[in-house]
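Each remark here refers to the structure printed beneath this line.
Lettering of chains follows the sequences in order, A, B, ..., and the numbering in each one begins at 1.
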Amino acid sequence: MTADPSLRNVKAWPFEEAAKVADRLAANPKPEGAPGGALFETGYGPSGLPHIGTFGEVARTTWVRRAFERITGLPARLIAFSDDMDGLRKVPDNVPNKAMLAEHLGRPLTAIPDPFGTHPSFGAHNNARLQAFLDTFGFEYEFASSTDYYRGGRFDAALLRMAERHDAVKKVILPTLGAERKATYSPFLPIHPETGVVMQVPMEEVRPEDDLLVWVDPATAKRHGTRITGGHCKAQWKADWALRWFALGVDYEMSGKDLIDSVKLSGQICRVLGGTPPASFTYELFNDENGQKISKSKGNGLTIEEWLRYAPPESLAYFMYQSPQRAKRLFFDVIPRAVDEYLGHLEKLRVQPEPTNPAFHIHNGSSNDPGSPIGFGMLLNLASVVNADEPEMLWGFIRRYAPGVTPDSSPMLARLVEYAVAYFRDFVAPTRQHRAPSTLERGALEDLLQVLRSLPEDSDAEAIQTLLYEVGKRHPFANLRDWFACLYQVLLGAQEGPRFGGFVALYGIPGTIGLIETALARGAGEDLAPREAPAA
RNA sequence: GAGCCGGUAGCUCAGUCGGUAGAGCACGGGACUUUUAAUCUCGUGGCCGUGGGUUCGAGUCCCACCCGGCUCACCA
């Protein structure tokens with residue numbers, strides 16, 4: 001890609017961030033022989049599974065990466081770094097074989113059998129889950145395992161440097177700790193040679209010249225000597241981050257605001273080691289619809305599975321693009337708007353690619369996706385109106401609204417129709433209240449039933465509509481509006497609805513007959529099973 | 001205690017380089033419709049948290065304060 005330095009002035013945060021990376025790289029050139037270009041990192045905790053925030057972080061980092069490539073014309077790599085050598089602190093509650101895991105507490109995740117039995121270790125299992133997750137979205141990245149890096153010696157030189165400057169490293173961290181933790185703190189966490197546990201103990205001696213850590217097991221009072229290099233110890237969190245930045249030459253890493261202090265302290269340690277910390281970017285965390293924090297126990301907020309059940313991943317990417325440094329509320333109601341705003345930007349991108357356009361970043365520069373001639377908000381309304389429990393119901397109405405539009409000509413619309421139907425099934429249908437018909441209405445419905453039964457199945461909407469009026473007029477409704485209200489409320493469980501002739505034509509005469517029979521049976525006192533409510 | 005974000009229409013939010021205040025929803029009128037929905041159209045609605053400062057001019061930049069939310073101070 002050819003460099004376009006003018007892009008660094010584009011008022012879009014990925015370009016602003018990329019300019020920071022370019023400046024950092026210019027001021028801190030890679031050493032001779034090292035791969036050129038910039039290194040971007042995203043990191044993952046050891047025990048958690050990928051979630052909506054994981055998606056956001058990788059998507060956002062990717063946008064900065066691409067912007068960097070456009071500005072500088074230089075290559076850029078993204079490593080997804082898994083801290084899989086970390087000790088297991090507690091047994092997660094969403095896994096099998098908890099008793100087995102409990103026996104391995106404190107050991108590196110890669111040294112613990114996989115409770116699912118599908119991978120060589122628990123760490124390998126989680127790593128595979130992470131990669132599978134990232135792969136479903138087509139992210140480009142290089143996976144990095146902390147354990148592999150430690151054992152493979154990729155951190156050895158940096159570890160020895162940290163040993164040489166052990167006191168200075170401790171001096172960064174100690175002032176931030178309480179008295180209790182201060183007494184036991186060490187940037188080095190040796191792996192216990194007998195138990196395999198990642199030890200949090202003070203170092204008696206740190207001897208870089210001998211590649212040796214000397215420490216005492218508090219449980220046995222036994223002295224141990226552990227090699228610094230080769231994966232026999234790992235670094236404690238903030239030191240570990242700094243070590244990684246220093247050893248790999250990371251140029252850019254973003255993180256949530258909960259890590260502001262860690263970024264600061266790890267940066268200081270990185271400098272103590274003789275490196276320059278990466279350009280950093282702090283994003284805000286998401287809240288629920290009431291502006292409250294999202295907690296798994298409360299179940300508030302929104303999972304990525306929920307989002308992707310009701311809207312395309314591009315709309316989630318767009319949501320993530322928007323104001324990453326503002327605390328945004330993440331709950332169901334933001335989805336339709338995100339979809340429609342995304343569609344708007346997609347349309348503009350197709351016509352004229354502009355680097356300030358969010359869709360420019362989401363689609364890496366351009367797209368010829370024709371988008372959707374109908375907005376998502378409208379589709380959701382329509383789905384409710386026409387009782388769209390099947391895509392074909394929506395398509396029937398779409399064909400009349402936008403003639404010539406088909407799933408082939410508008411693949412995006414075809415996807416949105418599926419999402420709208422899912423929305424209707426999960427959120428609208430369960431709220432429908434089918435009331436029983438009055439005596440008057442019962443008579444009219446029975447009349448309609450006879451009429452429909454004698455009607456050809458391919459009767460068109462207008463013909464059916466005419467018959468509906470005739471049936472309504474045959475019965476003493478105060479006005480015809482009441483007749484149609486009866487149809488919506490008794491047959492569909494809704495207060496309002498579509499022109500009923502059109503509905504019957506699409507829903508099918510046999511289907512409509514079924515609706516009426518069900519309603520009459522309900523009115524006769526039969527106890528029908530309520531529609532099953534979805535898990536919200 | 002330290003730090004981050006926010007406060008703009010009834011609600012949810014946008015507001016670019018400082019230049020007459022915007023959208024969606026809601027509400028009201030109209031069109032379409034064989035008196036029914038979606039849809040389309042027009043409209044009502046603002047001390048831009050408060051006070052100061054810079055400026056010819058501030059929602060926007062600076063300072064102070066008030067209110068709300070979140071995060072970190074154990075681990076990662």
Checklist entry - Contact class for A/Gly377 (heavy atom, under 4.0 Å): base, sugar-phosphate, or nothing? => result nothing

Next on the checklist: Can you give me the closest heavy-atom contact between A/Tyr150 and A/Ala235, atom names plus distance?
Outcome noted: OH-N, 2.9 Å

Next on the checklist: Does A/Lys328 qualify as a cation-pi partner of A/Phe319, given the criterion of NZ or CZ under 6.0 Å from the six-membered ring centre and within 45 degrees of its axis?
Outcome noted: yes

Checklist entry - Is A/Asp83 touching bases, backbone alone, or none of the nucleic acid, heavy atoms closer than 4.0 Å? => result sugar-phosphate

Next on the checklist: So A/Tyr401, base contact, sugar-phosphate only, or nothing? Heavy-atom distance under 4.0 Å.
Outcome noted: sugar-phosphate

Checklist entry - Mind checking the P distance from B/rG49 to B/rU8? Whole angstroms is fine. => result 6 Å

Item to check | Base paired to B/rC40 (Watson-Crick or G-U; both N/O distances under 3.5 angstrom) | outcome: B/rG30

Under 3.5 Å, which N/O atoms of the protein pair with N/O atoms of nucleotides 29-33 of chain B?
residue	atom	partner	partner atom	Å
B/rU33	O2'	A/Arg499	NH1	2.4

Checklist entry - Does B/rA23 have a Watson-Crick or wobble partner in any strand here, with both distances under 3.5 angstrom, and which is it? => result B/rU12

Checklist entry - Now, which nucleotide makes the Watson-Crick or G-U wobble pair with B/rA2, with each of the two distances under 3.5 Å? => result B/rU71

Item to check | Base B/rU34 to side chain A/Thr466, donor-acceptor N/O within 3.5 Å cut-off | outcome: yes

Item to check | Presence of donor-acceptor pair under 3.5 Å, side chain of A/Lys257 and base of B/rC72 | outcome: no

Checklist entry - Does a side-chain N-to-carboxylate-O contact under 4.0 Å join A/Lys98 and A/Asp93? => result no

Next on the checklist: Checking contacts here: which listed nucleotide (B/rA38, B/rC74, B/rC72) is nearest the side-chain heavy atoms of A/Asp261?
Outcome noted: B/rC72

